[in-house]
Amino acid sequence: MLGNFSYVNATKLYFGDDSLKYLNNELPKYGKNVQLVYGGGSIKRNGIYDAVIDILRKNGKNVVEDGGVMPNPTVDKLYDGIKTARENNIDLILAVGGGSCCDYAKALSVSVNCKDDPWDKYYIKFEDPDCEIIPVGCILTMAGTGSEMNAGSVITNHAQKLKIGHVFKENVMPKFSILNPVFTYSLPKRQMVAGIYDIFNHICEQYFSGDDDNTSDYIAEGLMKSLINSSYKALENPEDYEARSNIMWTATWALNTLISRGKSTDWMVHMIGQAVGAYTDATHGMTLAAVSLPYYRMIMPYGIKKFRRFAEQVWQIDTSGMTDKQAAEAGLNALETWMNNLGLCLRTGELGVDEYMIDGIADATIILNGGYKVLTKDEVKQILRESL
Ligand code: NZQ
Ligand code: ZN
């Protein structure tokens with residue numbers, strides 16, 4: 001294990017097909033004014049909106065609507081939301097949606113009482129909040145980001161062509177999250193598989209670092225195997241409750257900080273993917289899928305033993321008689337086959353990237369040093385060229 005650490009997770013979860021009723025247990029803990037955060041309308045079409053409104057009304061809440069949160073929420077939307085929250089003296093922010101709504105709700109929670117510009121303070125200077133934080137609750141409708149049980153919040157600034165995530169401290173984690181796998185049935189297939197790859201890559205980002213014998217890696221392998229297994233079942237039958245519940249639970253554990261304990265962690269696929277997102281506004285999971293294989297093939301020689309273990313433990317490949325390089329390549333080939341079977345996008349060109357954007361995307365990529373290799377900007381450009 002690397003270093004010493006503390007571990008706490010401040011979010012209370014309610015999981016299962018009856019979990020929405022527990023909103024009744026949580027609402028009395030907060031004041032009357034609830035800012036209801038949701039996206040572009042999926043919750044109105046699938047009935048979740050009506051069910052949530054009914055519970056809010058029965059609990060005597062004053063509901064302040066804040067819909068229209070876009071995928072990859074923007075700083076402009078955040079400024080609007082701050083205004084709404086201030087005008088209505090909000091006591092609780094209730095996000096109903098995917099990671100975008102949860103992330104936006106968290107950004108709002110630290111911005112309503114903030115005297116400074118929140119983009120500058122939290123996303124450029126990475127400062128911690130020094131104001132009162134409005135509590136957040138989440139009702140999750142899409143499995144992927146893990147935002148329901150972490151303190152991450154990713155905001156896009158189109159004017160500056162930047163998409164940046166701030167991982168806050170535990171005081172920004174949702175106070176509670178409601179996870180009903182049935183709510184994810186209505187996701188279009190493209191979103192479902194993007195979410196599945198987002199989950200998988202969160203695990204990879206933590207797994208592909210360090211060469212010690214680490215409990216977090218064994219947990220990571222179990223999560224990856226469960227996800228691969230359930231992904232095929234959900235693809236065949238989107239209403240397979242067992243598969244959808246495994247995917248939802250895996251998403252939460254992939255990024256609720258547990259498996260990062262004792263790890264340096266990589267996160268370069270996310271850094272490059274986010275920069276692609278800043279230029280294209282493409283679906284988060286697809287940006288990751290499109291840059292992953294060139295990235296992993298580039299860093300593989302620097303973490304060859306871990307890539308061999310990935311082939312053996314996650315993809316169950318019999319590597320006896322193979323060199324480390326052959327075994328590692330076999331693992332990445334198995335990953336590629338799975339990604340193709342899911343129908344993921346493996347080319348940034350399909351997401352709107354062209355060769356003239358490569359320098360800008362590379363400039364917008366934050367380079368981290370926790371993985372097997374610290375990339376140079378030229379290597380980032382090479383990965384971007386290979387993924388076009
Ligand atoms: O907006 P609506 O109409 O609700 O439609 C959404 C949206 O178009 C739709 N959707 C969600 N649940 C649905 C549904 N459609 C039908 N039925 C349902 N049950 O799906 C689309 C995508 O939703 P979104 O919330 O954008 O997806 P996701 O959960 O992937 O969140 C993406 C955002 O989270 C950030 C990403 O960068 C991106 O901005 N991330 C947050 C992280 C964190 N907090 O730790 C980590 C991640 O790595 C990620 O960066
Ligand atoms: Zn992600």
Side-chain angles (χ1 to χ4, degrees), residues 11 36-49 51 66-75 77-78 95-107 123 136 138-157 162-168 172-174 177 179-206 238-239 244 247-248 251-252 254-257 260 265-278 280-289 291-292:
T11 305
L36 183 65
V37 166
Y38 57 94
S42 71
I43 63 163
K44 292 201 169 160
R45 292 188 291 278
N46 59 22
I48 298 171
Y49 175 87
D66 187 5
V69 176
M70 60 294 282
N72 312 318
T74 64
V75 70
K77 175 69 186 163
L78 176 62
V96 189
S100 293
C101 288
C102 300
D103 279 17
Y104 167 81
K106 283 181 252 179
Y123 295 92
V136 169
C138 298
I139 298 168
L140 196 65
T141 66
M142 159 152 184
T145 64
S147 187
E148 65 276 12
M149 203 184 192
N150 69 35
S153 171
V154 184
I155 296 292
T156 297
N157 186 322
L162 290 173
K163 179 178 184 183
I164 295 180
H166 185 146
V167 180
F168 290 95
V172 182
M173 286 181 179
S177 284
L179 277 60
N180 181 345
V182 176
F183 288 176
T184 68
Y185 287 178
S186 57
L187 265 176
K189 184 191 152 210
R190 192 172 185 280
Q191 291 295 340
M192 180 185 83
V193 298
I196 289 171
Y197 189 71
D198 191 23
I199 302 166
F200 193 83
N201 191 254
H202 292 159
I203 306 170
C204 290
E205 299 274 30
Q206 298 164 92
E239 301 201 359
R244 296 312 283 263
I247 292 167
M248 199 170 211
T252 302
L255 198 52
N256 69 358
T257 74
S260 66
T265 74
D266 184 350
W267 293 108
M268 277 316 298
V269 170
H270 270 69
M271 292 305 104
I272 303 171
Q274 276 177 20
V276 169
T280 59
D281 210 23
T283 300
H284 172 65
M286 293 303 186
T287 64
L288 306 176
V291 302
S292 281

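We number each residue from 1, following the sequence as shown. Whatever order the structure lists ligands and atoms in, that order sets their numbers, starting from 1.
- Looking at atom 12 (N) of ligand 1, its nearest protein heavy atom turns out to be Thr141 OG1, 2.8 Å.
- For atom 22 (C) of ligand 1, the nearest protein heavy atom (residue, atom name, distance) is Gln191 OE1, 3.4 Å.
- Here the protein heavy atom with the shortest distance to atom 15 (N) of ligand 1 is Ser42 CB, 3.5 Å.
- Put simply, the side chain of Thr74 never gets that close to the backbone of Thr156: no donor and acceptor are under 3.5 Å apart.
- Taking every non-hydrogen atom of Gly152 and a distance limit under 4.0 Å, the qualifying atoms of ligand 1 come out as 44 (N).
- Residue contact check for ligand 1: Gly41 places a non-hydrogen atom closer than 4.0 Å to it.
- Under 4.0 Å from ligand 1, not a single heavy atom of Thr283 appears.
- For atom 45 (O) of ligand 1, the nearest non-hydrogen atom of the protein is Asn150 ND2, 2.9 Å.
- Residue, atom and distance of the protein heavy atom nearest to atom 10 (N) of ligand 1 are Leu187 CD2, 3.7 Å.
- The protein heavy atom nearest to atom 25 (O) of ligand 1 is Ser100 N, 3.0 Å.
- Taking every heavy atom of Gly40 and a limit of under 4.0 angstrom, the matching atoms of ligand 1 come to 1 (O), 2 (P), 3 (O), 4 (O).
- Per-atom contact check: atom 6 (C) of ligand 1 does not touch the protein, criterion being a heavy-atom distance below 4.0 Å.
- Between the side chain of Thr141 and the main chain of Phe183, no donor-acceptor pair closer than 3.5 Å is present.
- The part of Phe183 lying near ligand 1 is the backbone, judged by heavy-atom distances below 4.0 Å.
- In Cys102, neither the side chain nor the backbone holds a heavy atom less than 4.0 Å from any atom of ligand 1.
- Ranking the protein heavy atoms by distance from atom 30 (O) of ligand 1 puts Met142 CE, 3.4 Å first.
- Those atoms of ligand 1 with a heavy atom of Asn72 less than 4.0 angstrom away are 38 (C), 39 (O).
- Those atoms of ligand 1 that come under 4.0 Å of a heavy atom in Pro73, given as number and element, are 39 (O).
- In Asp198, the N, O or S atom that comes nearest to the Zn ion (ligand 2) is OD1.
- If you look at Lys163 next to ligand 1, the close heavy atoms, those under 4.0 Å, all belong to the side chain.
- Nearest to atom 41 (C) of ligand 1 among the protein's heavy atoms is Asp103 OD2, 3.0 Å.
- Within the 4.0 Å heavy-atom criterion, the part of Asp198 lying near ligand 1 is the side chain and not the backbone.
- With ligand atoms numbered from 1 in the order given, ligand 1 contributes 44 (N) to contacts under 4.0 Å with heavy atoms of Ser147.
- Ligand 1 lies nowhere less than 4.0 angstrom from a heavy atom belonging to Met70.
- Heavy-atom distances between Pro188 and ligand 1 reach below 4.0 Å in at least one pair.
- Shown in contact with Ser186 at under 4.0 Å from a heavy atom are these atoms of ligand 1, numbered in order with element: 16 (C), 17 (N), 18 (C), 19 (N).
- Counting the atoms of ligand 1 from 1 in the order shown, those under 4.0 Å from a heavy atom of Leu255 are 45 (O), 46 (C).
- Side chain of Lys106 to backbone of Asn150: a donor-acceptor contact under 3.5 angstrom is found.
- For Pro71, no nitrogen or oxygen atom sits less than 3.5 Å from a nitrogen or oxygen atom of ligand 1, counting backbone and side chain alike.
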